[in-house]
Structures are given as C-alpha cells and as structure tokens.
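Following: one structure in structure tokens, then a few remarks.
Residue numbers begin at 1 in each chain, while the letters A, B, ... track the order of the sequences.
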There are 2 protein chains.
Amino acid sequence: MIRGLVFLKSREITMRDLAEKLGVSTVTVSKALNDKEGVSDELKIKIKQMADDMGYRINNLAKSMKEGRSYNIGVIIPQRFTGEVQSFYLRFYQEISTVLDQFQYSGILHILSEEDEVHDVLPRIYYEKKVDGFILLGQIYKNYVEDMIQTGIPIIFLDFYDNHTDIDSVVMDNFYGAYELTNHLVDQGHQEIGFIGNIFSTSSIQDRYLGYYKSLLENRLQLNPDYIIHDRDDRGTFIDIHLPEKLPSAFVCNCDQVAFRLISQLRKSGYTVPGDVSVVGFDNDIYSTVADPQLTTLEVDMHEMSKVAVKSIIAKVQNHTVSVGRVQIKGRIVYRDSVHLRG
Amino acid sequence: MIRGLVFLKSREITMRDLAEKLGVSTVTVSKALNDKEGVSDELKIKIKQMADDMGYRINNLAKSMKEGRSYNIGVIIPQRFTGEVQSFYLRFYQEISTVLDQFQYSGILHILSEEDEVHDVLPRIYYEKKVDGFILLGQIYKNYVEDMIQTGIPIIFLDFYDNHTDIDSVVMDNFYGAYELTNHLVDQGHQEIGFIGNIFSTSSIQDRYLGYYKSLLENRLQLNPDYIIHDRDDRGTFIDIHLPEKLPSAFVCNCDQVAFRLISQLRKSGYTVPGDVSVVGFDNDIYSTVADPQLTTLEVDMHEMSKVAVKSIIAKVQNHTVSVGRVQIKGRIVYRDSVHLRG
DNA sequence: CTGAAAGCGCTTACAG
DNA sequence: CTGAAAGCGCTTACAG
C-alpha cells in the first residue's frame, strides 16, 4: 500500500513510538494516558503532551481485544418498522446512538429483513463478535427472539416486551398513557369513545387498548365492540379502516399515523374533526403535526427510554447476571387541536 | 465475572479450542475457516463442521487488529439536519447501513452537535480508531470539513460537495432534476414560475436553483427576482416565507418540506393548490405524501447513492490514492396532484 | 514510581 | 498439505 505517497505518514503512531521518544516503557505510557496510578504527575504530563504533539490516537481494537469487549452495541430494528415514511424507530436509533456515545460505546444498526427474521438468520455482527450486546427495538417475531436469547449474549427489549420470556425491557407506559388520554376525552364530555388498533398485533397496542378500557370502566362507560376497529393485520401491515354505521364522538388511536389516516377517512366520509368527531393519537411523531387539525397525543419520552436502555445493556455486558426487569417510562400528553369540548 | 453461573459457558470458543479438539494447528484452522489454500478439502470440511458444532464465532477484533482495519465506517450527520420531523438523513443512514453490511462492513452513526461542529471537535470514534473512514452526510461547516481532511483519514461527501476542497462526493443530480421539474411545469402551460429556497444555504439548493434557471432560459421565460423567495437563513434554519404581492402560477420548491409549508401558507392566504398555484417539491420524502394535495416531486435515488458512496469509501480505505471525483446520481420525477394544467 | 514478561486471538510469511 | 514463530498494539499482573 502506498499511503505514504499522499500524506507522508507511512504508519500510525503507537504507544511504543511515544515510549521510545521519551525513553520510557510502553507500560508507563499506557498508564499515563489512561490516568492510572504508578506514574509521577510530571511524567504523565510529559507523556500526554507528547501524545498530543505527535497526534497519537489509541488503537481501540487492541484495547478491546485485551479486554474481550468491543464497546459496540448492536441495535436491531425489523425492516417492516422502517417503511417509506415511518421514521419513529430511526429517530429512536439516533437517540440511542447519541446516548451510547456518551458512555464511550458505539451503536451498530442492523435492519432486520423480513426474510432473515422469518428464517432466524442472526446478524453478521453477532457472528463476528462485533458487539457486546443487543438492543432489540420494536417487536420481533418470537422465534427470532428466542434464538437470540439462546446465544446467551446480553439483550434488552426496547419499546416492547414479551411475557413468555424473561428478558429485561424498557417500554413506555402505554397503559397509563392511554388511560390518561381517554380520561381527557371523558373530561371533555365524550361518552362514546372508540379505539383504533389491532390489539393482537403488538403488546404496545394491547396495553394502550387496556388503558383505554380501564378509563371507560372507571367512568362507567360502555365498551361498544362496534367501536373497536382494526387498522392493520396481525403482522403489522396497514389495512383499510372500516368505519361503523354510527360513529362515536371520539376515537383513541393507537398511534399518530393511524390517527392521521383516520382523519382523512372521516373527512372523505363528510365528517369534520374535531367538529363531528374528536381524535387523539399516540407517539407525538411527525404525523401529529402534519395532521390537520394537529393532534392531541401522547409524547413518548424517547430520550429517557434510550438512556435507561443503554445503561441497562451496558450493565448487563459488564455483568451478565444483572437484571432490570420491565421498566416503564411515562409519557406526557401534548394538547393540540383534535379534541372538541362536547356540551 | 460470574457468567458461567447463567449460561454454563465460561469462555468463548477460540480457534485454539478447535485446533486442540482436532489435533491440528491454529494456522490450519484459520486457513480452513477463511477458505484459503493449503488445507485439504477433507480437513477443511471437518474443521468447519466442528466450528459449527461448537458454535464457534470468529473474534473480529483480533482479525481487525492484525489487519490494522476495523471494518467500520463512520457516518456523520449534523444534528441540525435531524430535527423533530426531519427523517430524510436518517432514512439515508438506514440505507447506508444496509449496504455497508452487504460489504462486510458496519456503520457507526455520529450525530454531530452544533457545538462540536463549530468548535471542530472530531468524533470520539476517530480518536479511538474505531472506523476506517467517514461518510459525511449533509453539508458540514467548512472549518470542520477541513479539519477532517487534515487527518488524512479517507472521506466521502454524501449529498453535498464543496468546490474549495478536493474531496470525492456523491450527490444527486440536483441541477438536472430541477431542470426537468421546471420543464414539466412549462409543459403544463406555466409561464411565470417562482423558486423557493435560500440559494446561499447549501450547494444542493444552489444547483436546484440553477437547473430551474436553465429551464427558464431555454424556454425564454423571465427570471423575476420577486419570485425568488427565501425559506431559511444561511445556516439552514427555517424562516417565514414571504409571499409577493402578485403570485406566479407555479413554484419550484427546493424540498418537499418547504413545499408543504408553502401550501399551508398559500391556503391561509386564500389560494388553492393546484387551482390557483401549482407547486412542485423535491426529495419525495414524507412531506410529499402528507401534503394536500400530494406533491409532484423528484425522487432521490437513495439506494444507488448509498451504494456508490459505500463502494467508494471502501475503495479509498483499501487504497488511499483512489479518487472517484464528484459522482452525480440521477433522480426521477414522481407525478402526483400538485400541478395544474394551465390553459 | 517504573518496567520486563505474558497474553488477548487472530493472520502472515516462511520452513518443512 | 501442515505448522512453528512472530507480530498486530495494547493492558494486566507482578517484580523491583
């Protein structure tokens, strides 16, 4: 290789170079640069100065190998959650990646294709030991999750959980969030309230449904089966929303995107929002602000969730026996214009 | 560490384990698993079989260190391009990450904070030699780019370029795309056509503007300065769009998001789109489908751009003298409902 | 406070 | 076709 031709820098600088230059050992250099005991302050400063001057950069690979740790965390997102317009999980990934960086780790994103997910093909980064653990972002098929668990590598579920396995997870408090949103509708005078979402699709949707249901129960309101409307099939692919003959006065939607779609559909059918029908979303993602009217919705605390997930996975990497259980992070209602006060 | 307690797997399996088990040397194991010459087919198969049985995973760190390469590429996105709703570059990152994986590389995302960008703080992954090269995604401040170039590490610009430096870049063909979009408006009978965008903000916007201008020239149409309208300040922060007294019959917007905002503004001012004013966007991102009407726009070929960028950066990592220059990838017009035929 | 020795798990010449 | 030796660039005991 002829790198020298371009930058006149034939070789990267190593600790040995610094050591020779200063007439000390590499051990001393290592200790100094890592601020460990056993080097006089004077010498430490001299070594650091020299490192700076010579543009020394540590070779993390060597350090990693010695420690048997890569300081990388894999983040797996099923491809079906990252469609054309879906950006929620990618934003999440951005947050995770930033938090990981603060902890001196790096994230490696793995978009899990539907095919690999079905056929239990684990990511290359697993087989190459490029990561110390995984954050699974978004509900992954059970068979795949089980295979991952089998490997014994540290794992955290993020934004979903699975009762049948004993894995730590960080989820938003879907139940309580939906409960509060529904309470808000009741406070605004709504008595007939529907729910949009396939409750067999993901645990998040199921919990949001149950929070909605709890609010109805507490307020002695009817749960009308006609008002529980599917928005996707069991695998998560959106289907047309079939509106019932008679509409409730408000809908709790399992996510903003569906609320957005519902509003279009209502408008096409001649209804106004929130005039005729009030709508609340969930997630506070882009759909909540591009919808017209803008959506009253529940904001997910992505930052807090990412922080907890990252801390947990690092703790598990450091000690495989650590267990954090199922951590729920509360959201916060964002009040906008999609809910109407009902006399 | 007490990992053994949980999984009864006290230690990762190494080549040495396989070698001992089969009574051969680690050299032979290495050759077999890497399909190199110098091992009988018979033995190769036996070794691979054993590796499978024992759940052997290569330790990439060791390999990497030996080769002096991490097989990671850093992707830097300025934070200001990843706001609440902006997902374009994150989608791009998803694509890049998938392509990198196909080439046995991994991507490490670095969201560059405004502060670090201003103060020339290079990413930690650079100082730790965690990556072999960088893809710079989105126009980064010049001082920062120059500092990165100084380091001598291989770099590719993606989705922008900088004339003042001699760096390889992969961009969409903004000029030709805007030219074609504008031609389409002219074909539909429009004679007075405006442009929305700050042409001093990024090279992309500038090129789109010039493509628009070329179409006007070719069609002998007036470039009316009143119809060139700013949408953001020089650093990219959106500002209010000030509509002129008299409107043109169509607008070329420098991106979908701005087209989306323009349509809101036009509607507030009592105009209909495309009835009174036609609008075309650029990017074919989420704003093009949530806009009402949906936008006629130019689709960026993210996949192709990512592929070329990844191939280029890998080529440069392998040989620092490689240069690919400025590669332009063509887009494709997506026809939707925001353009009106004008008698 | 300082350093010689050993080792992390591979791969690359080179010798047989 | 097979393997002993050396080395990648660090860090971790341990000895002085």
Side-chain angles (χ1 to χ4, degrees), chain A residues 1 3 9-48 50-51 54-72 104 127-132 318, chain B residues 1 3 10-48 50-51 54-72 104 127-132:
Chain A
M1 224 173 27
R3 290 167 57 183
K9 193 170 67 171
S10 54
R11 195 171 59 74
E12 295 286 346
I13 293 156
T14 68
M15 281 192 183
R16 178 159 19 178
D17 296 327
L18 297 179
E20 281 173 5
K21 206 91 175 183
L22 289 165
V24 298
S25 75
T26 61
V27 177
T28 302
V29 172
S30 170
K31 282 175 183 161
L33 294 181
N34 288 302
D35 266 326
K36 298 225 164 138
E37 294 192 334
V39 191
S40 66
D41 286 348
E42 199 185 358
L43 184 52
K44 240 182 209 175
I45 292 172
K46 229 166 90 185
I47 291 174
K48 286 183 178 176
M50 178 64 78
M54 298 181 65
Y56 170 77
R57 295 185 290 152
I58 192 177
N59 186 327
N60 222 255
L61 293 174
K63 180 181 175 178
S64 290
M65 192 176 61
K66 191 71 175 71
E67 299 183 9
R69 219 177 281 166
S70 67
Y71 290 94
N72 292 141
Q104 323 292 318
Y127 286 110
E128 295 185 353
K129 289 188 187 154
K130 273 189 110 168
V131 295
D132 302 330
Q318 285 165 351
Chain B
M1 225 171 24
R3 289 166 59 185
S10 56
R11 196 170 60 75
E12 295 286 347
I13 292 157
T14 67
M15 282 191 183
R16 179 161 14 180
D17 296 326
L18 296 179
E20 280 174 6
K21 205 93 174 180
L22 290 165
V24 298
S25 74
T26 61
V27 178
T28 302
V29 172
S30 170
K31 282 175 182 160
L33 294 181
N34 288 303
D35 267 325
K36 298 225 164 136
E37 294 191 334
V39 191
S40 65
D41 288 348
E42 199 185 358
L43 185 51
K44 241 182 208 173
I45 292 171
K46 228 165 89 186
I47 291 173
K48 287 182 177 176
M50 179 63 79
M54 297 182 65
Y56 170 77
R57 295 183 292 153
I58 192 177
N59 185 328
N60 221 255
L61 292 174
K63 181 181 175 180
S64 289
M65 192 176 64
K66 191 71 175 72
E67 298 183 10
R69 221 177 278 166
S70 67
Y71 290 94
N72 291 141
Q104 324 291 318
Y127 286 111
E128 295 186 353
K129 289 187 185 153
K130 273 189 111 167
V131 296
D132 303 330

Whole Å only: how far is the [atom1] atom of [X] from the [atom2] atom of [N]?
X	N	atom1	atom2	value
B:Glu67	D:dG7	CD	P	18 Å
A:Glu128	C:dC10	CD	C1'	13 Å
A:Arg69	D:dC10	CZ	P	19 Å
A:Lys63	C:dG9	NZ	C1'	19 Å
B:Asp17	C:dC8	CG	C1'	13 Å
A:Asn60	C:dC8	CG	C1'	14 Å
B:Tyr127	D:dG9	OH	P	20 Å
A:Leu18	D:dC10	CG	C1'	12 Å

Per A:Met65 side chain, nearest of listed nucleotides D:dC8, C:dC8, D:dT11: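 Out of D:dC8, C:dC8, D:dT11, the nucleotide with an atom closest to A:Met65's side chain is C:dC8.
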I want to verify a distance call: between C:dG9, D:dG9, C:dT11, whose nearest atom is closest to the B:Asn59 side chain?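 The answer is C:dG9.
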Report yes if a side-chain nitrogen or oxygen of A:Tyr56 is closer than 4.0 Å to either non-bridging phosphate oxygen (OP1 or OP2) of D:dC10; otherwise report no.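 Checking D:dC10 against A:Tyr56, a side-chain N or O does come within under 4.0 Å of OP1 or OP2.
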Enumerate, atom names and distances included, each donor-acceptor pair closer than 3.5 Å involving a side-chain atom of residues 31-38 of chain A, sequence neighbours excluded.
| from | atom 1 | to | atom 2 | distance (Å) |
| --- | --- | --- | --- | --- |
| A:Asn34 | ND2 | A:Ser30 | O | 2.9 |
| A:Asp35 | OD1 | A:Lys48 | NZ | 3.0 |
| A:Asp35 | OD2 | A:Lys48 | NZ | 3.2 |

According to side-chain contact (heavy atoms from CB on, under 4.5 Å), who are the partners of B:Lys21, at least two apart in sequence or on a separate chain?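 Once residues adjacent in sequence are excluded, the partners of B:Lys21 under the side-chain contact (heavy atoms from CB on, under 4.5 Å) criterion are B:Met50, B:Met54.
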Please check if the side chain of A:Thr26 supplies one atom and the backbone of A:Arg16 the other of a donor-acceptor pair under 3.5 Å.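 Looks like no, no N/O pair under 3.5 Å.
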Heavy atom of residues 28-43 of chain B under 4.0 Å from DNA chain D: which residues?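 Correct list: B:Thr28, B:Lys31, B:Gly38, B:Val39, B:Ser40, B:Leu43.
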5' precedence on DNA chain D between B:Val27 and A:Arg16 (nearest-nucleotide basis):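 It is B:Val27, whose closest nucleotide lies nearer the 5' terminus.
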Where each residue is assigned the nucleotide of DNA chain D containing its nearest heavy atom, which of B:Ser25 and A:Leu61 is assigned the position nearer the 5′ end?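 The 5'-side residue here is B:Ser25.
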Is any side-chain heavy atom of B:Ile58 less than 4.5 Å from a side-chain heavy atom of A:Glu128?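 Side chain of B:Ile58 against side chain of A:Glu128, heavy atoms only: contact under 4.5 Å found.
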Who passes side-chain hydrogen bond (donor to acceptor under 3.5 Å, both in side chains) against [X], sequence neighbours left out?
X	value
B:Ser25	B:Thr28
A:Tyr71	A:Glu67
A:Asn72	none

With A:Lys63, which residues qualify under salt bridge (charged side-chain N to carboxylate O under 4.0 Å, His left out), at least two apart?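 Testing A:Lys63 for salt bridge (charged side-chain N to carboxylate O under 4.0 Å, His left out), a comparison that skips the adjacent residues, returns none.
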Residue list, salt bridge (charged side-chain N to carboxylate O under 4.0 Å, His left out) with B:Asp17, at least two apart or on another chain: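 With sequence neighbours excluded, B:Asp17 shows a salt bridge (charged side-chain N to carboxylate O under 4.0 Å, His left out) to B:Arg11, given in chain and number order.
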Defining pairs by Watson-Crick or G-U wobble geometry with both distances under 3.5 Å, how would you list the stems of DNA chain D with at least three pairs each?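 As far as DNA chain D goes, consecutive pairing (with distances under 3.5 Å) yields the stems C:1-3 with D:14-16, C:5-12 with D:5-12, C:14-16 with D:1-3.
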